Amino acid sequence: MSTLPVIVAVDGPAGSGKSSVSKAVARRLGYGFLDTGAAYRALAWLALEREIDTDDPDAVTSLLDEFDYSIGTDPDGYAVVVAGNDVTDAIREPRVASVVSAIARVPEVRSHLVALFRTVAADVDSPGIVVEGRDITTVVAPDAPVRILLTADEAVRMARRSAELSDHAAETVGAHLAARDRADARVVDFLNAADGVTTLDSTHLNFDETVDAVIAVIEETP
Ligand SMILES: Nc1ncnc2c1ncn2[C@@H]1O[C@H](COP(=O)(O)OP(=O)(O)O)[C@@H](O)[C@H]1O
Ligand SMILES: Nc1ccn([C@@H]2O[C@H](COP(=O)(O)OP(=O)(O)O)[C@@H](O)[C@H]2O)c(=O)n1
């Protein structure tokens with residue numbers, strides 16, 4: 001008899017630490033890790049490759065038929081592959097970030113990817129999986145035993161993100177992130193915790209303290 005993996009659902013705005021903290025938590029617990037934003041980014045990458053109008057929902061939806069996507073669930077290294085192309089680095093480019101919100105607001109895209117995330121999570125070869133994104137606690141895995149909204153003040157989030165990029169002016173990074181959050185928040189509410197979701201504010205916590213705080217929430221869960 002096989003048991004389904006335990007799902008730890010983590011949502012939050014850009015730069016809140018979802019990806020890095022979730023990865024570290026997964027490593028500590030021997031769990032898998034799923035970055036759901038990578039799939040929206042990969043579809044945005046494909047739309048740019050095909051030069052389709054990313055503001056045209058029908059054109060975006062028609063791409064789903066040829067969206068041959070795979071992602072690893074190992075927190076120590078996961079490749080993002082679209083039709084045989086390794087796009088792990090390409091999906092982080094600013095040109096992708098600037099169109100991803102338009103892709104993510106198409107309802108057909110969301111339902112297609114939500115189904116894909118549920119399959120990946122159910123198939124993971126570990127006792128559990130940390131799944132992070134914007135709608136994991138509310139749509140992808142609303143019944144997950146552990147659901148966390150990771151937040152931090154906007155200025156702190158922008159500073160953390162711009163510290164990663166030496167070649168971008170901090171102000172530009174901040175403005176782009178804030179605009180993306182505003183666009184995304186019109187589609188999914190990831191700024192307010194849904195019923196039963198634990199809010200974890202990392203504004204005054206360093207990275208290790210944030211990881212410890214997430215683990216504490218998991219350990220306190222009956
Ligand atoms: N509590 C924290 N204190 C300091 N830096 C952090 C903290 N949490 C995350 N970071 C750093 O902030 C940056 C953004 O985190 P990331 O995981 O990419 O956020 P998200 O996935 O929510 O966009 C990373 O460089 C990460 O190492
Ligand atoms: N569960 C999710 C995850 C990401 N997304 C979309 O995908 C984009 C990229 O997500 P991401 O997690 O890589 O973004 P960062 O916060 O890490 O920059 C977001 O800006 C959203 O538009 C979503 O709509 N739902």
Side-chain angles (χ1 to χ4, degrees), residues 9-26 33-45 47 54 60 71 75 78 80 87-118 120-121 130-142 147-166 168 170 173-174 176-191 200-214:
V10 180
D11 286 329
S16 58
K18 298 180 301 294
S19 174
S20 52
V21 170
S22 298
K23 254 186 242 172
V25 168
F33 163 72
L34 179 61
D35 170 353
T36 62
Y40 291 94
R41 286 172 177 270
L43 188 61
W45 174 87
T54 50
V60 171
I71 185 166
Y78 59 97
V80 181
V87 297
T88 315
D89 295 330
I91 62 169
R92 302 292 154 198
E93 288 170 8
R95 70 187 186 106
V96 171
S98 67
V99 297
V100 69
S101 299
I103 301 288
R105 70 169 165 250
V106 178
E108 289 81 0
V109 166
R110 300 205 71 82
S111 53
H112 185 98
L113 293 186
V114 165
L116 186 140
F117 301 146
R118 288 181 181 148
V120 173
V130 187
V131 185
E132 58 94 359
R134 302 288 191 288
D135 61 347
I136 314 306
T137 61
T138 51
V139 179
V140 176
R147 293 184 299 149
I148 295 172
L149 182 71
L150 191 57
T151 63
D153 286 353
E154 184 170 281
V156 168
R157 291 189 284 108
M158 303 307 153
R160 287 176 186 165
R161 256 305 160 78
S162 43
E164 293 174 337
L165 306 160
S166 50
H168 285 80
V173 171
H176 285 165
L177 276 199
R180 184 151 58 87
D181 273 344
R182 273 198 302 279
D184 289 339
R186 281 198 284 271
V187 180
V188 176
D189 183 5
F190 50 82
L191 299 172
L200 212 164
D201 185 341
S202 75
T203 305
H204 302 294
L205 302 180
N206 67 26
F207 183 78
D208 289 341
E209 289 167 340
T210 310
V211 174
D212 287 345
V214 171

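Please read all numbers here as calculations on a predicted model, not as lab measurements. Numbering of ligands and ligand atoms starts at 1, following listing order. Positions are given from 1, in the same order as the sequence printed here.
- Atom CG in D181 sits 13.0 Å away from atom NE2 in H176 (nearest 0.5 Å).
- When non-hydrogen atoms are compared, ligand 1 lies under 4.0 Å from neither the backbone nor the side chain of E132.
- V21 has its side chain within reach of F207: a pair of non-hydrogen atoms, C-beta onward, lies under 4.5 Å apart.
- Each of the following atoms of ligand 1 lies closer than 4.0 Å to a heavy atom of A14: 23 (O).
- Panel note: side chain R118, backbone V140; a donor-acceptor pair is recorded below 3.5 Å.
- Counting all heavy atoms, side chain and backbone alike, T203 lies closest to A152 at OG1-CA, 3.3 Å.
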- prompt: Please walk me through it: do V139 and R110 pass side-chain contact (heavy atoms from CB on, under 4.5 Å)?
  reply: CA-CA 10 Å; V139 179; R110 300 205 71 82; over 6 Å; no
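- Note that the CH2 atom of W45 and the CZ atom of R95 stand 8.0 Å from one another [nearest 0.5 Å].
- From the protein, the heavy atom lying nearest to atom 5 (N) of ligand 2 is Y40 CD1, 3.5 Å.
- Only the side chain of T210 comes within 4.0 Å of ligand 1, judged by heavy-atom distances.
- Of the listed options D184, V188, V139, T138, D184 places a heavy atom closest to atom 22 (O) of ligand 2.
- With rounding to the nearest 0.5 angstrom, the CG atom of D11 is 10.5 Å from the CG atom of L191.
- Looking at atom 19 (O) of ligand 1, its nearest protein heavy atom turns out to be G17 N, 3.1 Å.
- Taking a cut-off of under 4.0 Å to the non-hydrogen atoms of K18, the atoms of ligand 2 that pass are 16 (O).
- Of all heavy-atom pairs spanning A178 and M158, the tightest one is N-CE, 4.0 Å.
- Looking from atom 21 (O) of ligand 1 to the surrounding protein, the closest heavy atom is S19 N, 2.9 Å.
- Of the protein's non-hydrogen atoms, R134 NH1, 3.2 Å is the one closest to atom 12 (O) of ligand 2.
- Applying the 4.0 Å criterion to heavy atoms of A104 picks out, from ligand 2, the atoms 6 (C), 22 (O), 24 (O).
- With D35 as the partner, the salt bridge (Lys or Arg N to Asp or Glu O under 4.0 Å) test is satisfied by one option alone out of R134, K18, R92: R92.
- Comparing R180, R161, R110 by heavy-atom distance to atom 17 (O) of ligand 2, the nearest is R161.
- The protein non-hydrogen atom at the shortest distance from atom 25 (O) of ligand 1 is E164 OE2, 2.6 Å.
- Of the listed residues (A159, G15, S202), the one carrying the non-hydrogen atom nearest atom 20 (P) of ligand 1 is G15.
- If you number the atoms of ligand 1 from 1 as listed, the ones under 4.0 Å from a heavy atom of L205 come out as 1 (N), 2 (C), 3 (N).
- The distance from atom CZ of R182 to atom CG of L177, rounded to the nearest 0.5 Å, is 11.0 Å.
- In terms of protein heavy-atom proximity, atom 10 (O) of ligand 2 is closest to G37 CA, 3.5 Å.
- Contact annotation: for P13 versus ligand 1, heavy atoms closer than 4.0 Å belong to the backbone alone.
- Taking only nitrogen or oxygen atoms, main chain and side chain alike, S20 reaches within less than 3.5 Å of ligand 1.
- Close approach of ligand 2 to G133 is summarised as follows: ligand atoms under 4.0 Å from at least one heavy atom of the residue are 1 (N), 3 (C).
- Nearest non-hydrogen protein atom to atom 13 (O) of ligand 2 is R41 NE, 2.6 Å.
- Inter-residue side-chain proximity for V109 and L43 is flagged as met; some heavy-atom pair is nearer than 4.5 Å.
- Of the protein's non-hydrogen atoms, R161 NH2, 3.3 Å is the one closest to atom 18 (O) of ligand 1.
- When only non-hydrogen protein atoms are considered, atom 12 (O) of ligand 1 lies nearest to R160 CB, 3.3 Å.
- Residue R92 places a heavy atom less than 4.0 Å from ligand 2.
- Counting heavy atoms from C-beta on, the side chains of L113 and T36 never come closer than 4.5 Å.
- Heavy-atom proximity to T36, at under 4.0 Å, picks out these atoms of ligand 2: 1 (N), 2 (C), 3 (C).
- How far CG of L200 is from CG of L150: 6.0 Å, rounded to the nearest 0.5 Å.
- Residue V21 has no nitrogen or oxygen atom sitting less than 3.5 Å from a nitrogen or oxygen atom of ligand 1, judged on distance alone.
- Annotation: atom 1 (N) of ligand 2 to nearest protein heavy atom, D135 OD1, 2.9 Å.
- No donor-acceptor contact under 3.5 angstrom links the side chains of S20 and R160, judged on distance only.
- Atom CG of L149 is separated from atom CD1 of I136 by 12.0 Å, given to the nearest 0.5 angstrom.
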